[in-house]
Amino acid sequence: MTSSVRVRFAPSPTGHLHVGNARTALFNWVFARQKRGTMILRIEDTDIERSQVRYEDQLVADLKWLGLDWDEGPDIGGPYAPYRQSDRLEIYREHAERLLNDRKAYLCFCTDEELELERKLAHAEHRQPIYSGKCRALDLDESQRRRAAGEGGAIRLRIPEHAIRFHDIVRGPVEFSNEVVSDPILLRSSGMPVYNFVVVIDDALMQISHVIRGDDHISNTPKQVAVYEALGWPVPEFAHLSTILGADRERLSKRHGATSIATFREMGVLPEALNNYLALLGWAPHGGTREVFSLSELVKEFSLDRVTPSPAVFDMEKLYWLNRHYIKEAPLERIAQLALPYYTRSIVSEMARAAGVEPSEPYPWTPPPPVTDWLAKITLLLAPSVDRLDQLPEKASLIFHCDAAAALASPDNAEVLAGPNTSAVIEAFSGKILDDPEAKAHQLTPERFKTIVNEVKTEAGAKGKELFHPIRTIVTGSHSGPEFDKLIPILEEGSHLALPRHVLSVHERVEAFMHAYRT
RNA sequence: GGCGCUAUCGUCUAGGGGUUAGGACGGAAGAUUCUCAAUCUUCAAACCCGGGUUCGAUUCCCGGUAGCGCUACCA
């Protein structure tokens, strides 16, 4: 059984899908699924100057990536098609003319200059900056003649002589005095309809029951309610979602860094993390203590009337926390698969840099299965400690290259290198590795490694950091890093693989280090 | 300038006429580990201001302030 709940997400294809819109889409989607209602995607492209098809494609891709689907839309059609406003222009014109003939609207012949002057005057006199209503009293037949004669007139709605009220699920009853709402333009003199008009026509014709959107529309709502009333149509429920702000409390924009869904995807943020975080921005479950929600759990727990009206600051750290959580929770195969492009990009661009050429895209190297398996092991080892997947290559850099000279010169290692027992540890450890048959064959096992370390421990009389820091520095170039038990097999395996750049085995690392150390 | 919306730890929030004002992120400290990360434990941290109502307001009402939004023949 389907309820009569019908909601829509209605973006303008004028840019990338950003977190504010994504959150609006999410809340619409969750509400629709929860009420077993219908989710509609509608493209609001009446601004022909700024709308672009590529943005529409991008929008669709981003929504799909988030896992938010729709039941009716431009790509799949539906009973109220078309779902792209540029394909509905006739519908808008008809309704505008109807309003005009019913005397609910009138033709306005004021020029931009006149209107601009009115606004300036109102501002100077501290009055409401609304249209004077100069053309309101014009005779309709006379106006029609002027229009027919080529004097382009815009169609304006007559705002009623009473206060306009509507209900908002997140804010309660809202009332605007008619004194402060200007007679809105419905149809421009060019014949193109205006947002405040088309949105109502579409929402009404598409039987939208709940308009869930950003609160930047709240001041427009009285104009829209007036359109519903003029047309004699029922007014839907509204839910205006608060603005998402940047850390400086200003409206979130590109200036604040990553804000588009595509960017988050490229950074290796998982869609479930983003959905979860966005849901927490302005909504909390009853009790307010639970934070982790999958999309389906959200459908169960979400409640539109628990949405908070106050603006929320976007906190990247908390998103990262959720992302870490989902990275750890996800099956390794999936994470390994997602991580793969970051490694290949990194490996290839490093190769290119070494060769002195520009790295190209797509990357001219596809890792064969033994390499992908090996990279998966690296991911398993490193993924729990990254905020996002694109940090993996950086974390793994100690596997891919180990520069003994740089390690010796690094100020980070100076203290370790100067330790009282360091040289004894280095001598003992390097001697054993260089002589070890397993290590020579690049087949050193963690067990054998452990035995060697224990022998060094006794011979050099060093333990704890004194023992391990120098060993780490020899093997990885840094005194901190992942557990040896897991790292050693990765190093050894990597040294047998056909990679664009050879990965050094433990033996080779010790050799290189000692060479640099002695000179 | 006009109108509107909003106001609990740094941030996201729960709560609500009498509470030790709860949780989470981040921060600090500790435990653990050879190290970093992860993990676990602990700690610090908030009711915007002023009136009113009330025995009692952070909670209800009014005003102020601040932030944001709208103020287009943009969406």
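Small disclaimer: the values here were computed from a predicted structure and weren't measured. Below, chains carry the letters A, B, ... as their sequence lines are ordered, and counting in each starts from 1.
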Between protein and nucleotides 6-12 of chain B, map the contacts as a letter string: B base, S sugar-phosphate only, - none, heavy atoms under 4.0 Å, written 5' to 3'.
SS---SB
What interatomic distance, in whole Å, is found between [atom1] of [M] and the corresponding atom of [N]?
{"N": "A24(B)", "M": "U42(B)", "atom1": "P", "value": "10 Å"}
{"N": "C9(B)", "M": "A44(B)", "atom1": "C1'", "value": "10 Å"}
{"N": "G52(B)", "M": "G17(B)", "atom1": "C1'", "value": "15 Å"}
{"N": "U13(B)", "M": "G50(B)", "atom1": "P", "value": "26 Å"}

Suppose we call a contact any N or O donor and acceptor under 3.5 Å apart; does that hold for the side chain of Arg472(A) and the base of C34(B)?
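When only heavy-atom distances are counted, Arg472(A) does reach the base of C34(B) through a donor-acceptor pair under 3.5 Å.
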Closest nucleotide of RNA chain B for His469(A) versus for Leu245(A): which of these residues is on the 5' side?
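Nearer the 5' end of the strand: His469(A).
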Quick check: on RNA chain B, is the nucleotide nearest Pro173(A) upstream (toward 5') of the one nearest Thr46(A), or the reverse? Name the residue that is more 5'.
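It is Pro173(A) whose nearest nucleotide is closer to the 5' end.
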Look through every strand shown and name the nucleotide pairing with C73(B) as Watson-Crick or G-U wobble, where both distances are under 3.5 Å.
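Looking at the geometry, C73(B) pairs with no nucleotide.
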More than 12 heavy atoms from other groups under 6.0 Å of [atom1] on [X]:
{"X": "Lys457(A)", "atom1": "NZ", "value": "no"}
{"X": "His286(A)", "atom1": "NE2", "value": "no"}
{"X": "Glu394(A)", "atom1": "CD", "value": "no"}

Short side-chain N/O contact from Arg290(A) to OP1 or OP2 of G22(B), under 4.0 Å:
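Indeed not, no polar side-chain atom of Arg290(A) lies that close.
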Could you check whether Glu250(A) gets within reach of a base, just the sugar-phosphate, or nothing at all, counting any heavy atom under 4.0 Å?
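The residue Glu250(A) makes sugar-phosphate contact but no base contact.
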State whether Phe27(A) and Arg23(A) meet the cation-pi test: NZ (Lys) or CZ (Arg) under 6.0 Å from the six-membered ring centroid, and within 45° of the perpendicular axis.
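Relative to the ring axis of Phe27(A), which defines the angle, Arg23(A) lies inside both limits.
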Between Asp183(A) and Ile159(A), is there a donor-acceptor pair closer than 3.5 Å when you use the side chain of the first and the backbone of the second?
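The answer is yes, because a donor-acceptor pair under 3.5 Å joins these two groups.
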The single option from Trp283(A), Phe302(A), Tyr277(A) passing ring pair (Phe, Tyr, Trp, His ring centres under 6.0 Å) against Phe293(A)
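The single option meeting the ring pair (Phe, Tyr, Trp, His ring centres under 6.0 Å) with Phe293(A) is Trp283(A).
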